Amino acid sequence: MPTVHYVECITESVADLIQLEHDLRGTPGEPRVRMLRLLKEGRVSTLVAAAPLVGYSLRQLQRWWHTYHANGRAALVAMHPRPGRVSQLTDEAW
């Protein structure tokens with residue numbers, strides 16, 4: 001498996017990633033940006049090392065990296081609403 005030089009592959013600056021992580025605090029995008037920041041800062045050099053710091057599995061970080069690498073930061077932090085069951089309560093009940 002080829003070695004990925006994450007510091008070079010991540011185009012955003014550390015300051016931009018810190019600001020974005022702060023802006024996304026409490027959303028599903030926050031740990032995704034944290035992964036990028038840790039890799040860009042050089043605090044970790046692999047996804048294996050980043051996984052426990054971010055709190056997700058290695059496989060999940062691999063999915064996030066693939067999304068970022070293929071489609072960029074916007075795709076990584078995009079929020080996709082999960083469709084659920086339609087409420088059976090009427091407007092009056094609400």
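Worth knowing before you read on, the calculation uses all heavy atoms, side chains too, and leaves out hydrogens, waters and symmetry mates. Computed from a predicted structure; not experimentally measured.
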What about V44 and V7, same hydrophobic cluster or not, with Ile/Leu/Val/Met/Phe/Trp/Tyr joined at side-chain heavy-atom distances under 4.5 Å?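 The answer is no; the residues belong to distinct hydrophobic clusters.
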Does the side chain of [Y] come within less than 4.5 Å of [X]'s, by heavy atoms?
X: R37; Y: E41; value: yes
X: V77; Y: T27; value: no
X: Y68; Y: L39; value: no
X: E12; Y: R73; value: yes
X: V54; Y: L38; value: yes
X: I10; Y: L17; value: yes
X: L47; Y: M35; value: yes

Please lay out, stage by stage, how L36 and L76 fare under the test side-chain contact (heavy atoms from CB on, under 4.5 Å). CA-CA 10 Å; L36 291 178; L76 182 65; 3.5 Å; yes
Side-chain ion pair, R25 and E21, N-O less than 4.0 Å: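 No, R25 and E21 are not salt-bridged.
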Residue pairs, two or more places apart or on separate chains, that pass ring-ring contact (aromatic ring centres under 6.0 Å, His included) and touch residues 28-63: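 Matches after skipping sequence neighbours: Y56-W64.
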Is there any ring-ring contact (aromatic ring centres under 6.0 Å, His included) pair reaching into residues 6-49, and which pairs are they, with sequence neighbours excluded? Y6-W65
Side-chain heavy atoms under 4.5 Å apart, restricted to Ile/Leu/Val/Met/Phe/Trp/Tyr: what other residues fall into the cluster of V14, or is it alone? I18
Contact summary for A75 and N71, nearest pair of heavy atoms: CB-CB, 3.4 Å
So, for G29 and M79, which heavy atoms are closest and what is the spacing to 0.1 Å? N-CE, 3.6 Å
So, does Q19 use its side chain to make a donor-acceptor pair with the main chain of A15 at under 3.5 Å? no
Could you grab the distance from atom OG of S57 to atom CD of Q62, nearest 0.5 Å is fine?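 Interatomic distance, S57 OG to Q62 CD, rounded to 0.5 Å: 8.0 Å.
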For the CZ atom on R43, are there more than 12 heavy atoms of other groups (residues, nucleotides or ligands in this structure) within a distance under 6.0 Å? no
